[in-house]
Amino acid sequence: MAATSITGIKGFNDILPGEVEKWQWVESVARRIFSSFGFQEIRVPILEKTELFARGIGEATDIVEKEMYTFEDRNGQLVTMRPEATASVVRAFIEHGLHVRPTMRKLYTIGPMFRHERPQKGRYRQFHQINVEAFGIEDPLIDAEVIYALLTFLGELRIADLQVHLNSLGCPLCRAPFRARLAEYLAGVSHLLCDDCKRRRVTNPLRVMDCKVPSCRDVLAGAPKMLDFLCDDCREHFQRVQDYLKDLQVAFTLDPYMVRGLDYYVKTAFEVLARHLGAQNAVGGGGRYDGLMKAIGGPDLPGVGFAIGMERLIMLLGEGVGEGTPMRLCFLACLGEEARRRGFRLVQELRRSQVLAEMDYEGASLKAQMRKADRLGVTHVVILGEDELARGKAILRWMETKAQEEIPLEGIRERLTALLRKPDGEA
Ligand code: HAM
């Protein structure tokens with residue numbers, strides 16, 4: 001009896017050849033653009049102690065309450081597959097004392113994140129982010145700069161029709177009275193809220209503002225706004241972020257009800273939205289998180305950054321963008337053991353000279369080998385038969401024109417390398 005086939009886990013996707021090229025291209029553009037803004041790459045582990053995210057993101061957030069992949073490892077330690085990277089980057093920054101090295105304050109990282117959300121278009125359980133973080137700078141210049149870096153990157157990918165939404169979430173000082181007022185307002189309309197929000201209203205009223213249930217959104221239309229509660233310091237900071245963005249000619253929309261799904265934000269919060277994406281329309285989001293480093297046990301340094309969702313980004317890429325130019329491929333059709341051995345060596349040599357070369361491993365007939373070459377879409381076939389080999393020759397065939405010529409085996413690698421590397425494919 002045939003064994004039942006094992007499929008992947010729901011919400012965890014394979015990225016197949018053909019699609020992977022786009023990912024590679026997006027990553028290479030990210031590296032180029034973010035490096036030019038002074039960000040250096042850091043790689044952090046996928047698994048962290050659960051406490052890092054509980055403390056970093058906030059106990060009463062959806063992510064920590066119900067979306068984390070958390071388990072006890074074999075030593076009984078509670079660990080979590082990272083749902084986001086900011087807390088990990090901050091942890092690494094503290095752990096390696098990078099704050100004493102002024103050249104390492106701007107970092108980026110690319111990789112998979114894990115959240116047990118309900119999968120749908122644009123929302124997966126394993127997804128990928130490009131994270132950009134800047135530590136140690138109070139000045140609102142850096143808030144504007146990271147937003148500008150994000151938009152420069154998206155522009156480089158030729159993604160159009162994006163909106164930047166901006167809000168200020170204030171600081172713990174001015175948020176406390178706002179939170180109290182919001183809680184009061186929500187208590188009055190509690191009967192109109194969804195079950196989750198009835199609970200959130202008490203545990204973390206700000207989270208109600210993040211709810212996507214239409215009836216909750218209606219209720220929020222009359223809710224108090226954080227912007228009306230900002231203290232002088234936060235108001236000035238927010239004004240300057242807007243002024244600097246205007247200097248950089250960045251268009252944005254003030255969105256007083258945008259709170260983001262993580263508790264560490266203070267002051268600036270932003271999201272980049274793409275209309276084409278449907279319900280899951282945030283391509284990226286971020287903001288300032290000045291208290292996070294201290295909360296994780298490090299120095300009291302401010303931070304600001306964002307993350308881009310790579311799956312959503314790839315969905316927005318235009319037709320043909322990032323697919324790259326196909327490599328020119330050469331096929332060695334060999335007849336007889338002697339020719340196969342010579343051909344096998346030549347294929348390896350060509351590959352070492354960065355020419356994509358393939359051959360047949362099944363001892364097929366010449367006709368079958370030519371059919372295979374055709375299916376692979378090769379531009380050139382080298383036919384190596386026993387007769388040719390005995391005369392120190394091979395036949396070179398241009399697949400498109402079907403022209404062929406006899407060429408000496410001596411120096412064939414150099415000849416093919418030169419031929420196949422030339423963009424016009426001419427000898
Ligand atoms: P976030 O808003 O939770 O922020 O995620 C950032 C982006 O990741 C989203 O805008 C979205 O594009 C993508 N994303 C989130 N969840 C999923 C999912 N389940 N499936 C597909 N894509 C998803 C953060 O993670 C913060 N750490 C960003 C940040 C960095 N703030 C400061 N520095």
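Indexing begins at 1, ligand by ligand and atom by atom, following the structure's order. Just so you know, these numbers use all the heavy atoms, side chains as well, and skip hydrogens, waters and symmetry mates.
- Atom CD of E51 is surrounded by 12 or fewer heavy atoms from other residues, nucleotides or ligands within 6.0 Å.
- Of the heavy atoms in I63, none comes closer than 4.0 Å to ligand 1.
- The N/O atoms of R115, backbone and side chain alike, include one that comes under 3.5 Å of an N/O atom in ligand 1.
- A salt bridge links R235 with D232: the distance from a Lys NZ or Arg NE/NH1/NH2 to an Asp or Glu carboxylate oxygen falls below 4.0 Å.
- F93 is listed as a side-chain neighbour of L107, based on a closest heavy-atom distance under 4.5 Å.
- The closest approach between any non-hydrogen atom of G122 and ligand 1 is below 4.0 Å.
- The part of Y264 lying near ligand 1 is the side chain, judged by heavy-atom distances below 4.0 Å.
- With a heavy-atom cut-off of 4.0 Å, Q129 touches ligand 1 through its side chain alone.
- For ligand 1 and Y289, the ligand atoms under 4.0 Å from any heavy atom of the residue are 32 (C), 33 (N).
- Considering only non-hydrogen protein atoms, atom 20 (N) of ligand 1 sits nearest to Y124 N, 3.0 Å.
- A salt bridge between E133 and K106 is absent, with no side-chain N of the basic residue lying under 4.0 Å from a carboxylate O of the acidic one.
- Ranking the protein heavy atoms by distance from atom 13 (C) of ligand 1 puts G309 CA, 3.6 Å first.
- Counting non-hydrogen atoms of other residues, nucleotides and ligands closer than 6.0 Å to CZ of F344 gives a total of 12 or fewer.
- When non-hydrogen atoms are compared, ligand 1 lies under 4.0 Å from neither the backbone nor the side chain of E311.
- Interface of E133 with ligand 1, defined as ligand atoms under 4.0 Å from a residue heavy atom, comprises 30 (C), 32 (C), 33 (N).
- The proximity of N131 to ligand 1, defined as any non-hydrogen pair under 4.0 Å, is limited to the side chain.
- Numbered from 1 in the order shown, with element, the atoms of ligand 1 that lie under 4.0 Å from a heavy atom of A307 read 6 (C), 7 (C), 28 (C), 29 (C), 30 (C).
- Residues K66 and D196 are paired through a salt bridge, judged by an N-O separation under 4.0 Å between the basic side chain and the carboxylate.
- Within a 6.0 Å radius of CZ in R352, no more than 12 heavy atoms belonging to other residues, nucleotides or ligands are found.
- Only the side chain of F127 comes within 4.0 Å of ligand 1, judged by heavy-atom distances.
- Nearest to atom 30 (C) of ligand 1 among the protein's heavy atoms is T86 OG1, 3.0 Å.
- At a heavy-atom cutoff of 4.0 Å, ligand 1 is contacted by the side chain of R312 but not by its backbone.
- The CG atom of L313 lies 6.0 Å from the CG atom of L317; values are rounded to the nearest 0.5 Å.
- Here is the list of ligand 1 atoms found below 4.0 Å of a heavy atom in Y265: 26 (C), 28 (C), 29 (C), 31 (N), 32 (C).
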